[in-house]
Undergrad: 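Have a look at the structure that comes next, please.
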Amino acid sequence: MSQVMVVDALAGRVPVGSQVTVKGWIRTRRDSKAGLSFLTVHDGSCFDPIQVVAPNTLANYEDEILRITAGCSVIVQGELVESQGKGQAFEVQASSIEIVGWVDDPDTYPIAAKRHTFEYLREVAHLRPRTNTFGAVARVRHCLAMAVHRYFDEHGFAWIHTPIITASDCEGAGEMFGVSTLDLVNLPRTEEGAIDYAEDFFGRPAYLTVSGQLDVECYCQSLTKVYTFGPTFRAENSNTPRHLAEFWMIEPEIAFADLNDNADLAEDFLKFIYRALLEERSDDMAFFEKRIEPDAIKRLEMFIESSFERMEYGDAIEALKKSGKSFEFPVEWGRDLQTEHERYLTEEYVKRPVVVMNYPKQIKPFYMRCNDDGRTVAAMDVLAPGIGEIIGGSQREERLDVLDQRIAETGLPPEPYWWYRDLRRYGTVPHAGFGLGFERTIQYATGMANIRDVIPFPRTPKNAEF
RNA sequence: UCCCCGAUAGCUCAAUUGGUAGAGCGAGUGGCUGUUAACCACUAGGUUGCUGGUUCGAGUCCAGCUCGGGGAGCCA
């Protein structure tokens with residue numbers, strides 16, 4: 001009598017006639033007056049639950065089995081048999097069912113056996129993993145995370161654990177969360193009246209990281225191929241279905257590489273992880289296709305098969321001007337692309353993922369490499385239909401004199417970047433990298449419209465429950 | 001942060017011009033059936049988000065607040 005996971009039983013990996021133990025949670029109970037009840041038991045190992053047949057000869061049939069409701073936890077012992085009914089190949093003919101945990105008040109159990117809106121389920125985020133959708137999202141998320149590590153491992157990348165706490169606002173972009181042990185009610189002051197950070201834990205202002213890029217560049221200059229994959233924080237007051245205050249970002253960085261190598265990596269990498277998803281989570285993807293996004297699987301297959309369109313920023317501007325569309329925001333060389341522009345390019349103009357390259361330098365950060373034309377930098381954005389910007393990256397400026405000039409142009413103080421500048425003093429090499437939003441990667445794959453529904457416990461402005 | 005929309009039973013939503021609060025699902029009880037979005041009948045379930053205002057009377061009108069959704073900005 002060995003414990004069996006539902007996925008193994010349903011996949012036919014357990015011989016019919018075996019005595020098995022199944023442990024999990026009840027999804028539904030249906031009673032038949034033929035003298036038996038049908039229970040579906042879910043253990044999260046795959047999308048489908050397994051059906052358990054409970055005959056009324058069980059000792060606890062009248063007083064317990066007939067009181068089972070959705071959400072109860074059970075341990076079922078019985079024989080794995082071929083199902084007599086339609087809808088499933090195998091089921092468990094129970095010889096005993098132990099109710100491990102009852103549902104306190106079935107009338108108010110938040111996850112009733114019915115459809116719920118995602119907005120409602122966010123309010124019960126501790127229970128939503130019990131639903132079909134959030135179970136599927138969790139398995140897809142895990143599958144993609146493992147595929148990320150597998151891709152990099154197989155291609156010789158080292159995973160670098162860049163710090164979560166950082167002492168400098170290195171990118172100069174994005175509001176940061178402060179990290180402090182100072183008493184907010186009684187802040188230490190300098191003689192001038194400013195907050196005296198010398199008294200703080202790190203002896204200086206500290207923040208949660210908005211990117212591991214600058215740190216990971218240090219390891220790139222020794223290990224050649226590196227990446228980060230971890231939580232990232234932005235204190236922006238963004239209220240959209242595409243933004244979180246805490247999200248996970250993947251940032252590869254490659255040495256002896258230029259922007260084209262970078263784009264090649266982005267394309268190869270994305271295709272790899274989505275191919276893995278289609279192969280390993282076909283059950284969950286079938287659900288997303290059926291209930292969430294009718295083209296979910298086809299879209300990923302097309303994504304894998306077609307090559308990414310590569311387009312110069314200048315050509316993108318020309319294409320937008322010639323589109324005949326009336327955009328709300330003006331199209332002009334030197335201006336950044338707005339969401340409406342990006343959507344036109346990827347959804348209408350090329351109808352597949354597009355890599356826009358070489359943007360005007362005045363709209364991009366200081367660390368991006370200046371091109372020979374003197375007015376653009378080697379930046380790239382990967383735009384995907386339906387989701388917009390999924391990757392932002394660049395070749396990095398490896399020339400110290402040009403870097404210094406860019407820091408000065410941007411109006412940043414050079415002192416905090418002394419170690420970043422050192423990389424350019426000691427054996428500098430051309431290198432490049434990008435940042436991929438992990439949640440957006442999941443959104444694109446599943447069709448989940450709101451980013452808050454692809455992370456277990458979303459952190460957004462005014463929301464840190466759970 | 002800006003613009004628009006919303007908040008009524010456990011959940012999803014109704015409620016004419018301001019006039020006694022309704023349904024479906026879920027839950028409970030009974031019936032029926034190797035069932036599987038089960039089906040049929042009955043029952044229970046409400047300080048209409050909060051605070052104030054207008055009115056004989058407010059779910060409905062007005063103001064403020066809180067929370068949620070969509071769009072925009074910022075970006076991944």
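Since we're looking at a predicted model, the values are computed, not measured. In what follows, chains are A, B, ... by sequence order, proteins preceding strands, each numbered from 1.
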Undergrad: From the set B:G70, B:G73, B:U1, return the single nucleotide nearest to any side-chain atom of A:His243.
TA: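 Nearest to the side-chain atoms of A:His243, counting from C-beta on, is B:G73.
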Undergrad: In dot-bracket form, how is RNA chain B paired, counting a Watson-Crick or G-U wobble pair only if both its distances are under 3.5 Å and using | for bases paired to another strand?
TA: (((((((..((((.....[..)))).(((((.......))))).....(((((..]....))))))))))))....
Undergrad: Looking at every strand, decide which applies to A:Arg242 at a 4.0 Å heavy-atom threshold: base, sugar-phosphate, or nothing.
TA: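 Since a base atom lies under 4.0 Å of A:Arg242, the category is base.
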Undergrad: With respect to the side chain of A:Gln84, which nucleotide from B:C74, B:G34, B:C75 is positioned closest?
TA: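 The answer is B:G34.
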Undergrad: Only pairs at least two apart or in different chains count here, so list each ring-ring contact (aromatic ring centres under 6.0 Å, His included) that has a residue in residues 59-111 of chain A.
TA: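 For residues 59-111 of chain A, and leaving out neighbouring residues, there are no ring-ring contact (aromatic ring centres under 6.0 Å, His included) pairs at all.
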Undergrad: Under the side-chain contact (heavy atoms from CB on, under 4.5 Å) test, which residues partner A:Pro461, sequence neighbours left out?
TA: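 Listed in chain order: A:Asn237, A:Asn239.
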Undergrad: List in chain and number order the residues that pass ring pair (Phe, Tyr, Trp, His ring centres under 6.0 Å) with A:His341, two or more places apart in sequence or in another chain; answer none if no residue qualifies.
TA: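 By the ring pair (Phe, Tyr, Trp, His ring centres under 6.0 Å) rule, A:His341 matches A:Phe327.
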Undergrad: Which residues satisfy the ring pair (Phe, Tyr, Trp, His ring centres under 6.0 Å) test with A:Phe157, sequence neighbours excluded?
TA: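 Partners of A:Phe157 by the ring pair (Phe, Tyr, Trp, His ring centres under 6.0 Å) criterion, ordered by chain and then number, come out as A:Phe152.
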Undergrad: With sequence neighbours excluded, tell me which residues meet ring pair (Phe, Tyr, Trp, His ring centres under 6.0 Å) with A:Tyr120.
TA: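 Ring pair (Phe, Tyr, Trp, His ring centres under 6.0 Å) check on A:Tyr120 returns A:His116.
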Undergrad: Can you list, by residue number, the residues of residues 51-60 of chain A that have a non-hydrogen atom closer than 4.0 angstrom to RNA chain B?
TA: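 Close to the strand are A:Gln51, A:Val53.
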Undergrad: State which residues pass ring pair (Phe, Tyr, Trp, His ring centres under 6.0 Å) with A:Trp333; sequence neighbours excluded, sorted by chain then number.
TA: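 With neighbours one apart ignored, the set is A:Tyr313.
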Undergrad: Would you list the pairs meeting side-chain hydrogen bond (donor to acceptor under 3.5 Å, both in side chains) in which at least one residue belongs to residues 455-466 of chain A, sequence neighbours left out?
TA: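 Pairs touching residues 455-466 of chain A that pass the test: none.
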Undergrad: Classify the nucleic acid contact of A:Gln93 as base, sugar-phosphate or nothing, counting any heavy atom under 4.0 Å across all strands shown.
TA: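 Base contact - A:Gln93 has a heavy atom under 4.0 Å of at least one base atom.
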Undergrad: Just jot down the side chain to side chain donor-acceptor pair (under 3.5 Å) partners of A:Glu62, sequence neighbours excluded, or say none.
TA: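 With neighbours one apart ignored, the set is empty.
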Undergrad: Extract all donor-acceptor atom pairs below 3.5 Å that involve side chains of residues 50-57 of chain A and protein atoms in other chains or at least two apart in sequence.
TA:
unit_1	atom_1	unit_2	atom_2	d
A:Gln51	OE1	A:Arg30	NH2	3.3
A:Gln51	NE2	A:Glu91	OE1	3.0

Undergrad: Any protein N or O atoms within reach of nucleotides 4-13 of chain B? Criterion: under 3.5 Å, listing atom names and distances.
TA:
unit_1	atom_1	unit_2	atom_2	d
B:C11	O2'	A:Lys114	NZ	3.3
B:C11	O2'	A:His116	ND1	3.4
B:C11	O2	A:Lys114	NZ	2.5
B:U12	OP1	A:Thr117	OG1	3.0

